[in-house]
Amino acid sequence: ILTDLFMIIVLKDTLEKRGALGQIKARIRAEVFNALDDQSEPRPPLSHENLLINELIREYLEYNKYKYAASVLTAESGQPEVPLDRQFLAKELNIVEDANGKSVPLLYGIISYFLHHGKEESTQNALPKVSLLNYPKQNLGKPPTERNQK
């Protein structure tokens with residue numbers, strides 16, 4: 001019994017060190033969600049804004065290798081299985097990408113913009129065209145009809 005307990009502890013420790021235990025737990029959660037998801041209850045239609053928001057989140061999750069969280073988001077939200085083209089997403093959000101910004105999710109730049117420049121841009125009446133020099137920038141804090149209105 002002691003050797004079995006020791007083997008379990010060593011196995012758990014090894015899986016934790018490799019990062020596999022977290023992945024296994026996430027996979028189990030995703031499978032439980034899929035098993036419990038009531039397919040008979042129709043989902044509300046996916047609005048254009050929600051489609052874009054979900055896509056930003058999915059890109060962030062996949063970039064950080066949260067693939068099971070991304071799969072749950074896709075399944076639960078009704079997001080299309082095939083991700084939106086990044087160029088299309090950037091165009092829809094008026095984001096102008098430079099070479100440096102293409103290596104990170106658009107959401108990083110949006111957050112960076114608000115942390116570093118959001119207050120300066122909030123007094124202007126138009127959505128900012130942005131560069132991804134310091135990651136992408138965009139004003140998404142409010143619904144489209146309320147953005148940048150003071």
Side-chain angles (χ1 to χ4, degrees), residues 11-150:
L11 179 61
K12 182 181 177 217
D13 187 51
T14 302
L15 290 173
E16 282 178 347
K17 286 179 183 174
R18 291 182 182 172
L21 190 58
Q23 291 177 353
I24 291 168
K25 287 178 180 179
R27 178 71 183 176
I28 290 171
R29 278 190 220 101
E31 290 300 327
V32 167
F33 168 78
N34 286 334
L36 297 176
D37 188 28
D38 184 3
Q39 297 294 327
S40 66
E41 184 179 323
R43 297 195 193 318
L46 191 59
S47 71
H48 182 68
E49 288 82 3
N50 281 0
L51 177 75
L52 297 175
I53 291 167
N54 291 345
E55 199 58 43
L56 289 170
I57 294 169
R58 176 173 29 195
E59 182 189 34
Y60 161 82
L61 292 172
E62 289 177 353
Y63 176 82
N64 286 290
K65 303 201 183 340
Y66 302 148
K67 58 185 173 182
Y68 300 115
S71 71
V72 170
L73 170 70
T74 302
E76 191 169 18
S77 68
Q79 194 80 0
E81 289 291 326
V82 177
L84 295 177
D85 180 68
R86 182 182 170 107
Q87 289 177 330
F88 171 80
L89 192 58
K91 183 180 176 193
E92 285 292 300
L93 299 173
N94 296 322
I95 296 172
V96 178
E97 293 188 279
D98 60 18
N100 295 330
K102 291 184 178 185
S103 64
V104 297
L106 294 170
L107 194 53
Y108 280 110
I110 294 167
I111 297 301
S112 175
Y113 172 76
F114 280 108
L115 289 174
H116 302 293
H117 302 95
K119 291 177 184 161
E120 298 163 12
E121 295 288 340
S122 66
T123 59
Q124 296 180 1
N125 289 329
L127 287 173
K129 279 254 184 191
V130 299
S131 167
L132 294 183
L133 194 55
N134 295 319
Y135 298 128
K137 304 168 187 174
Q138 182 62 10
N139 182 0
L140 291 175
K142 298 179 180 175
T145 56
E146 297 176 17
R147 291 183 190 149
N148 290 324
Q149 294 179 0
K150 285 223 172 192

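Since this is a predicted model, take the numbers as computed values, not measurements.
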- With side chains defined as the heavy atoms from C-beta onward, is the minimum distance between P80 and L51 less than 4.5 Å? yes
- Nearest 0.5 Å, what's the OG-CD distance between S77 and E55? 9.0 Å
- L106 versus A90, closest heavy-atom pair with distance: CD1-N, 4.2 Å
- Query: What's the shortest heavy-atom distance between Q23 and Y68, and which atoms?
  - Reply: O-CE1, 3.5 Å
- Note on the structure: In this structure, NZ of K25 is separated from CD1 of I28 (nearest 0.5 Å) by 9.0 Å
- Message: Using 0.5 Å steps for rounding, measure from the CG atom of L56 to the CD atom of E92.
- Response: 11.5 Å
- Output for pair (E62 CD, T74 OG1), nearest 0.5 Å, gives 7.0 Å
- Short side-chain to backbone donor-acceptor contact, N50 and L46, under 3.5 Å: no
- Task: Just grab all the ring-ring contact (aromatic ring centres under 6.0 Å, His included) pairs involving residues 41-62, residues at least two apart or on different chains.
- Result: Y60-Y108
- Query: In Å and rounded to the nearest 0.5 Å, what is the CG to CD distance from L84 to Q79?
  - Reply: 6.5 Å
- Query: Would you say the side chain of K12 lies within less than 4.5 Å of the side chain of E16, judging by non-hydrogen atoms?
  - Reply: yes
- Message: If I take atom CZ from residue R58 and atom CG from residue L107, how far apart are they, to the nearest 0.5 angstrom?
- Response: 14.0 Å
- Message: Please check: side-chain N/O of N64 versus main-chain N/O of Y66, any donor-acceptor pairing under 3.5 Å?
- Response: no
- Task: Would you indicate whether E31, at its atom CD, is surrounded by more than 12 heavy atoms from other residues, nucleotides or ligands within a distance under 6.0 Å?
- Result: yes
